[in-house]
> 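For reference, the structure I am asking about is given below.
What's counted below: heavy atoms across the whole structure, side chains too, no hydrogens, waters or symmetry copies. Proteins get letters first, then strands, A, B, ... in listed order; numbering begins at 1 in each. What you are looking at is a predicted structure, and each value in this text was computed from that prediction instead of being measured.
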There are 2 protein chains.
Amino acid sequence: MSEVLRSAVNRSTTLEDVARVAGVSRATVSRVINGIRNVDPAIQESVRLAIASTGYVPNGAARSLVTRRAGSLALVVSGSGAVADGPAGGEVFTDPFFGRVVSGVFTALRPQGLHPVLMLADAPEAREQALAYLRQGNADGAMVVSTHADDPMPALLLEAGVPAVLFGRPDRPLPISCVDLANRDGGRLAADHLHARGCRRVVTIAGPSGVRAARDRLAGFHDAMARHGLPYLPHAEADFTQAGGERAITRLLIEHPDTDGVFAANDLMAQGALAVLRDHGRRVPEDVAVVGFDDSSAATAGRPLLTTVRQPVEEMAAEMTRILLDHIARPERGATSVIFEPSLVVRQSA
Amino acid sequence: MSEVLRSAVNRSTTLEDVARVAGVSRATVSRVINGIRNVDPAIQESVRLAIASTGYVPNGAARSLVTRRAGSLALVVSGSGAVADGPAGGEVFTDPFFGRVVSGVFTALRPQGLHPVLMLADAPEAREQALAYLRQGNADGAMVVSTHADDPMPALLLEAGVPAVLFGRPDRPLPISCVDLANRDGGRLAADHLHARGCRRVVTIAGPSGVRAARDRLAGFHDAMARHGLPYLPHAEADFTQAGGERAITRLLIEHPDTDGVFAANDLMAQGALAVLRDHGRRVPEDVAVVGFDDSSAATAGRPLLTTVRQPVEEMAAEMTRILLDHIARPERGATSVIFEPSLVVRQSA
DNA sequence: TTGTATGCGTTATCAT
DNA sequence: ATGATAACGCATACAA
């Protein structure tokens with residue numbers, strides 16, 4: 001097939017075509033496109049013209065084949081596959097937490113012109129799929145949000161040599177970078193506040209025991225309460241969802257009708273507590289004070305406004321992204337960690 | 001550099017390496033990997049062995065360079081760039097609507113082993129970036145969720161020849177496939193319900209007038225109300241956020257203190273209305289009945305539970321994804337549209 | 001400053 | 001059934 005025919009058929013325009021039109025070599029066109037200096041301004045101009053007239057767009061695959069850069073980062077929502085822990089498959093994305101992470105990632109990615117590719121690794125099969133994708137170099141690195149502490153994903157990524165950063169420290173220390181919140185401190189803030197308010201019959205709604213952040217929040221809360229002279233507090237475990245929170249508080253109220261304070265390990269469960277308390281005719285905060293965790297949109301969605309421990313998710317996600325970008329640019333550097341401090345946001349519920 | 005040295009340095013193992021180890025040609029290894037028949041079982045086995053022993057993983061870029069398939073689809077959150085309309089930048093992802101879309105997309109994508117890459121095209125610059133990414137073939141097609149009716153993205157994608165499917169019909173008809181809800185019917189459902197309940201002094205909280213879905217919901221509501229003998233209803237425009245809903249209902253209550261019914265164009269704004277009504281000491285539904293739209297998680301987040309018009313977002317997003325996959329597989333087929341029917345979900349608020 | 005030539009790792013078309 | 005060999009479209013080391 002002649003050159004003319006070939007280009008007439010279907011083939012999209014290539015560097016070669018542009019070079020021919022501009023009367024220069026492929027290399028020169030490439031240089032112009034990639035903004036490399038040492039190009040005669042006049043030629044530069046004629047190349048730009050040729051690009052415009054041909055409607056040329058570089059081919060991403062060919063480019064990343066030679067540069068060994070995919071131009072995208074993976075955002076992996078990872079779990080153990082155990083259905084009992086945390087929100088199930090579809091619900092993960094409905095959690096305000098997820099939206100905040102995405103938001104923070106975009107903040108850091110936008111200046112670089114990169115885009116996140118979303119991967120859900122909540123079952124062995126899905127995990128293998130995600131891992132294969134990453135190993136093939138379809139993304140330059142991975143940001144991992146684990147919904148479960150014994151998530152095998154971090155170790156697998158490490159082993160595969162994929163640059164990665166975690167949101168939340170793993171259960172067992174790994175030489176992987178991560179961002180996290182001082183969750184124990186957060187629990188302490190909530191305890192001090194409820195105690196100062198005069199609450200003495202406090203119950204807690206814990207997150208999944210398989211989630212480290214959930215355990216740490218509860219531990220910090222219990223520690224502080226013990227220091228205030230309250231060594232034992234009833235608690236129920238839930239799954240970080242509102243419905244789970246509703247079930248937990250219902251159980252707790254039956255067993256401990258005289259409850260005057262509630263600490264929930266996230267806002268969604270606190271929201272559930274508020275709803276049930278209202279159904280039971282308990283006034284918040286007069287009869288029962290409630291403190292949540294996260295300061296997500298759920299905290300201000302209803303009435304009373306929720307007093308909560310703030311976790312700066314967006315900032316944390318942005319930092320996670322920056323760390324990953326840095327690791328990709330300078331692979332020789334070792335793992336780092338950035339721990340954020342929580343703060344108490346006092347509103348109406350406590 | 002000698003072959004030995006080269007492979008000793010850093011280079012990841014390639015098809016060539018596997019072929020050498022297995023004592024066959026590259027082509028044969030490729031056949032085994034891609035599951036093409038006509039391969040001697042014995043050789044097949046030795047190739048698998050070689051793959052395992054070398055830890056070979058195919059290179060995604062090289063593969064898609066020749067197959068012309070990226071193996072990923074774009075999920076574009078697109079807007080006009082006008083700040084006044086709809087939730088601002090970061091808030092887009094916190095809206096439960098977004099989470100439901102992602103959820104639905106994953107449902108349809110999972111069986112195919114594909115992953116969505118997220119793109120935010122809310123400003124001219126970001127739009128160009130996203131467009132460039134797509135034109136370069138970094139994704140095989142795009143799913144577009146527009147936050148604004150005069151969004152230029154659909155037309156641009158059409159012009160660029162990128163396979164695309166829209167969530168929500170564009171303002172001016174385009175030969176692009178889309179999924180949508182019969183929004184007018186939804187508005188009608190809400191109106192009929194409020195009227196049947198006896199509400200006669202009804203106000204509406206509209207979404208951004210630049211969003212077609214928002215206009216259609218309101219139009220359907222007003223039409224039905226007019227048929228019930230109520231030709232005029234006060235309304236305020238808001239931005240689909242809870243805060244916006246709060247401001248809108250506050251204004252409406254001042255001007256129309258005798259209001260006995262509220263229709264909000266989405267649940268978030270309805271949630272805001274509930275909060276303010278509560279602040280003002282109005283009982284819901286006894287004094288004022290409230291109907292929302294979407295049946296998102298916000299509908300059951302607080303008390304009273306929200307009566308709302310259900311939009312099956314997850315199903316719609318999954319269908320959008322399936323249509324896109326079909327377009328990619330069979331480009332010759334023309335554009336189609338699938339319109340879903342809304343339904344009324346009666347809870348406590350009306 | 002510009003052009004030439006080579007390689008990136010795979011799939012696909014041929015022969016055999 | 002298998003093996004050469006030619007694309008795929010780009011970046012870059014090197015030569016000029």
Side-chain angles (χ1 to χ4, degrees), chain A residues 1-3 5-7 9-47 50-51 54-71 132 135-138, chain B residues 1-3 5-7 9-47 50-51 54-71 132 135-138:
Chain A
M1 207 184 316
S2 78
E3 281 296 308
L5 269 183
R6 284 186 56 202
S7 64
V9 177
N10 207 345
R11 215 171 44 88
S12 59
T13 71
T14 76
L15 261 189
E16 181 82 48
D17 301 326
V18 178
R20 203 178 321 121
V21 171
V24 297
S25 74
R26 281 203 308 258
T28 300
V29 178
S30 176
R31 285 192 272 260
V32 170
I33 288 174
N34 295 313
I36 294 177
R37 54 181 182 289
N38 298 346
V39 251
D40 187 299
I43 292 192
Q44 211 167 125
E45 190 47 35
S46 69
V47 168
I51 290 177
T54 55
Y56 168 76
V57 250
N59 178 308
R63 177 175 278 179
S64 60
L65 175 58
V66 55
T67 60
R68 300 182 165 287
R69 279 277 179 287
R135 276 201 264 256
Q136 296 184 9
N138 290 311
Chain B
M1 205 183 317
S2 79
E3 280 296 307
L5 269 182
R6 285 186 53 203
S7 64
V9 177
N10 207 344
R11 218 171 42 89
S12 60
T13 71
T14 76
L15 216 47
E16 181 81 48
D17 301 327
V18 178
R20 204 176 320 121
V21 171
V24 297
S25 74
R26 284 203 306 262
T28 300
V29 178
S30 177
R31 287 186 192 108
V32 171
I33 288 175
N34 296 312
I36 294 178
R37 56 180 180 287
N38 296 346
V39 250
D40 186 299
I43 291 192
Q44 210 165 125
E45 191 48 33
S46 68
V47 168
I51 290 177
T54 55
Y56 168 76
V57 251
N59 178 308
R63 179 175 279 179
S64 58
L65 175 58
V66 54
T67 60
R68 300 181 165 286
R69 278 276 179 288
R135 276 202 265 255
Q136 296 184 9
N138 290 311

> Within the structure shown, what part of the strands sits under 4.0 Å from A/Leu65 by heavy-atom distance: base, sugar-phosphate, or nothing?
base
> Considering residues at least two apart in sequence or located in another chain, which fulfil the side-chain contact (heavy atoms from CB on, under 4.5 Å) criterion with A/Val57?
B/Arg135
> For B/Asn34 and C/dG9, give me the distance from atom CG to atom P, rounded to whole Å.
17 Å
> Please tell me if A/Asn38 has a side-chain N or O lying less than 4.0 Å from either OP1 or OP2 of C/dT2.
no
> Does B/Ala27 or A/Ala62 map to a spot on DNA chain D nearer the 5' end, using the closest nucleotide for each?
B/Ala27
> Look at the side chain of B/Ser25 and decide which nucleotide, out of D/dA4, C/dT2, C/dC8, has an atom nearest to it.
D/dA4
> Indicate, with a heavy-atom threshold strictly under 4.0 Å, whether B/Val18 touches base, sugar-phosphate, or nothing.
nothing
> Between D/dA11, D/dT2, C/dC8, which nucleotide gets closest to the side-chain atoms of A/Thr67?
D/dA11
> Quick one: A/Ile36 CD1 to D/dT12 C1', roughly how many Å, whole number?
8 Å
> Rounded to whole Å, please give me the gap between CD in A/Gln136 and C1' in C/dT10.
11 Å
> Restricting both atoms to N or O, compile the protein contacts to nucleotides 14-16 of chain D shorter than 3.5 Å, with distance only.
none

> Indicate whether OP1 or OP2 belonging to C/dT11 is found under 4.0 Å from a side-chain N or O atom of B/Ser30.
yes
> Could you tell me the separation between the CD1 atom of B/Ile33 and the P atom of C/dT10, rounded to a whole number of Å?
7 Å
> What is the separation between atom OH on B/Tyr56 and atom C1' on C/dG9, rounded to the nearest whole Å?
7 Å
> Take the protein atom CD of B/Glu16 and the nucleotide atom C1' of D/dG3, then report the distance between them rounded to whole Å.
12 Å
> Distance check needed: D/dT2 C1' versus B/Leu15 CG, whole Å only.
14 Å
> Quick check on C/dC8: is either OP1 or OP2 less than 4.0 Å from any side-chain nitrogen or oxygen of A/Arg68?
no
> Given C/dT10, D/dA11, C/dT2, identify the nucleotide with an atom nearest to the side chain of A/Ile43.
C/dT2
> Determine the minimum heavy-atom distance between B/Ala62 and A/Leu65, stating which atoms define it.
CB-CD1, 3.6 Å
> Could you check if a side-chain atom of A/Val24 sits within less than 4.5 angstrom of a side-chain atom of A/Val32, using non-hydrogen atoms only?
no
> In this structure, how many angstroms lie between the P atom of C/dC8 and the CZ atom of B/Arg63, rounded?
18 Å
> Please walk me through it: do B/Asn59 and B/Thr14 pass side chain to side chain contact (heavy atoms under 4.5 Å, CB included)?
CA-CA 8 Å; B/Asn59 178 308; B/Thr14 76; over 6 Å; no
> With sequence neighbours left out, write down each residue that passes side-chain contact (heavy atoms from CB on, under 4.5 Å) with B/Ile36, or none if nothing qualifies.
B/Arg31, B/Asn34
> Please confirm whether the shortest side-chain N or O distance from B/Asn59 to OP1 or OP2 of C/dC8 is below 4.0 Å.
no
> Counting distance alone, no hydrogens or angles: does the base of C/dT6 have a donor or acceptor under 3.5 Å from a partner atom on the side chain of A/Arg26?
yes
> So, the side chain of B/Ser64 versus the backbone of B/Gly60: is there a donor-acceptor pair under 3.5 Å, distance only?
yes
> For B/Ile51 versus B/Val18, what's the shortest heavy-atom pair and its separation?
CG1-CG1, 3.7 Å
> Looking only at non-hydrogen atoms, find the nearest pair between A/Thr54 and A/Thr13 and report the distance.
O-CG2, 3.6 Å
> Nearest-nucleotide wise, let me know which of B/Val24 and B/Val66 is further upstream toward the 5' end of DNA chain D.
B/Val24
